[in-house]
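These notes concern the structure reproduced below.
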Amino acid sequence: MSRLSRWFPFLNWPRPTGQLLHGEAVAALTVAVVMIPQSVAYAGLAGMPLVTGLYATFLPALLAVLFSASTRLSVGPSALSSVLVGASLVGMAQPASASWVALAVWLALLAGGLQLVVGMTRSAWVLNLVSSPVLAGFSQAAALLIIAAQLPALIGLKGSLAQLLHAPDLDLQALAYGVVSLALFIIAKRVAPRLPIMLIVLAAAGAIAYFTGYSQGGAVVGPLPQGLPAPYWPGWPGWDQFSSLIPPALVLALVSSLEMAASAKIESQRDGKRWDASQDLVGQGMGKLASAFSGAFATSTSFSRSALTLYAGAKTGWATVIATGFVLLVLLFLTPALSHVPTAVLAAVVVAAVSSLFKPRTFVDLWRIDRVEAVTAAVTFAVTILSAPRIYWGVLTGVLLGLAHFLYLRLHPRIIEVGLHPDGSLRDRHLWKLPPLASQLFALRMDAELDFASATAIEHEIVEHLAAHPEVRHVCLFAQPINRIDATGVEMFVQLRKLLAERGVTLHISGIKLPVERVLEKAGALQESPLLKMYRTDTEALLAFGRLSP
């Protein structure tokens, strides 16, 4: 059973009881009243037929929770994943057309397949490729672009935003629907956060539009198919279009995985359990594949809806199962009612949801922590804006900048000459203005692995010091921070021993770790010699130098 439950986590769910299902149903209803209108609105954001938002909330959410270790993730359309889908397909097909749907399905298949492979091979470490500053910069820019894209529909503008400066043609009724709806969303969030305001506003706006006749000729959702999604398989788009989908699919998988991670970590911390990232990636992949086979678009984890799921008191995955039941009811019976909802109200739903993503203070906080990471976030933000609609270039640029900074730090490790601080610790001698540990001694410490990236740096440090101080007869390497050594590191170590021996300089090594010592011994680099001294602890080394009394 344990082996089966690894691949089928839902086997570990508690047996449903009346008391458990009652609590889960209340939580499910709380989430569903937010999830359903958001899903329809996000489908428009992705350029898809609006009903596919419901398709992407039904089977994908069910499959994702069945195969995820974190059982209270709200999987379905999300703002970032939806805008990525829409931006990735611009220029390749007409939005909401059959060709667009087919390309969106291929995008979901690629991104979902990638997450599935990463999860099944237990390779969740790839999530570290996208740092927090990169995601922050991208999400801020995406939020602005989403809001800008929704403004015409929100204010009833016929045409693009540029027409506001040149004889704008406004639908005043749509303007009223959009502005009033947005105001109600904002007020309710502050005054009555538990009120299902989105569903209430959608229902009221649809009813008003129906009884006033606005739904007969105004900008409304329009007829939606009723019933379950039919199995879907897209036609082959051709190598040119397929290859064009690979970069955005990679970015979509990374961004979706990080959205999932942000929510799953909160759940695991709240429950005091270890987070199984790989299994959750399997669940995310299964959700995207289910969405693709439903003729919908790539899903992701909504951070706000997942937080609401926890806040509403959901205990298990049964809450998500019940929530998909509510979506099923909408698909079977209520899609005709959605047809009367003004599109301005859907725009207000999107703007209200994504406005929380725009937090300019994030850049200020990053600047205080690390200026390089703040610049990385700012460049990601700028490239995302400038490359629109191909906004995935923002994430790719941020990833490259993050990797470049990482490589720079690895190629320039922190190497210090140490001295004995009055508190008994070994610290940077020059920073703290400490005396040398002993005369004719150069004592140093490198806070990095001894590998191809750092070997040249430490060799250069020692050679330069010996050239500037020919009186040095002892070099001590405090090796406690070094936890790995590779072939380049061994080669450098052998050359360094030879160089020091030719000059009659004794090499002292303190606190070398066993894995590093074993590699050096196998390479024959620790042969006994009067010019090699080994100490197990820094205290032994300091005693040998006469800095401590025995």
Have a look at Ser300 and tell me which of Ser74, Ser256, Ser82 forms a side chain to side chain donor-acceptor pair (under 3.5 Å) with it.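 For Ser300, the side chain to side chain donor-acceptor pair (under 3.5 Å) check succeeds only for Ser256.
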Could you check Leu357 against Leu80 for side-chain contact (heavy atoms from CB on, under 4.5 Å), going step by step and ending with a plain yes or no? CA-CA 10 Å; Leu357 295 176; Leu80 289 182; 4.3 Å; yes
So, does Ser291 use its side chain to make a donor-acceptor pair with the main chain of Gly287 at under 3.5 Å?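 Not a single qualifying donor-acceptor pair exists.
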Qualifying residue for side-chain contact (heavy atoms from CB on, under 4.5 Å) with Ser70, from Ile266, Asp276, Asp280, Val65: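 The single option meeting the side-chain contact (heavy atoms from CB on, under 4.5 Å) with Ser70 is Asp280.
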Applying side-chain contact (heavy atoms from CB on, under 4.5 Å) to Tyr392 and Leu396, what does each step give before you reach the verdict? CA-CA 6 Å; Tyr392 52 84; Leu396 293 177; 4.2 Å; yes
Quick one: are Phe293 and Val105 in side-chain contact, heavy atoms under 4.5 Å?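 No, their side chains stay 4.5 Å or more apart.
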Atom [atom1] of [X]: over 12 foreign heavy atoms under 6.0 Å:
X: Tyr232; atom1: OH; result: yes
X: Trp125; atom1: CH2; result: no
X: Phe242; atom1: CZ; result: yes

With a 6.0 Å cut-off on ring centres, are Tyr177 and Tyr214 close enough?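 Yes - the distance between ring centres of Tyr177 and Tyr214 falls below the 6.0 Å cut-off.
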Would you please indicate yes or no on a ring centroid separation below 6.0 angstrom for Tyr42 and Phe297?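 No, too far apart.
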Start with the C-alpha distance between Gln115 and Lys288, add both sets of side-chain angles, then the distance that settles side chain to side chain donor-acceptor pair (under 3.5 Å), and finish with yes or no. CA-CA 9 Å; Gln115 286 183 308; Lys288 286 181 175 61; 2.8 Å; yes
Stepwise side-chain contact (heavy atoms from CB on, under 4.5 Å) test for Tyr210 and Val341: CA-CA 8 Å; Tyr210 175 75; Val341 176; over 6 Å; no
After noting the C-alpha distance and the side-chain angles of Leu145 and Val83, does the key distance pass the side-chain contact (heavy atoms from CB on, under 4.5 Å) rule? CA-CA 9 Å; Leu145 291 172; Val83 73; 5.5 Å; no
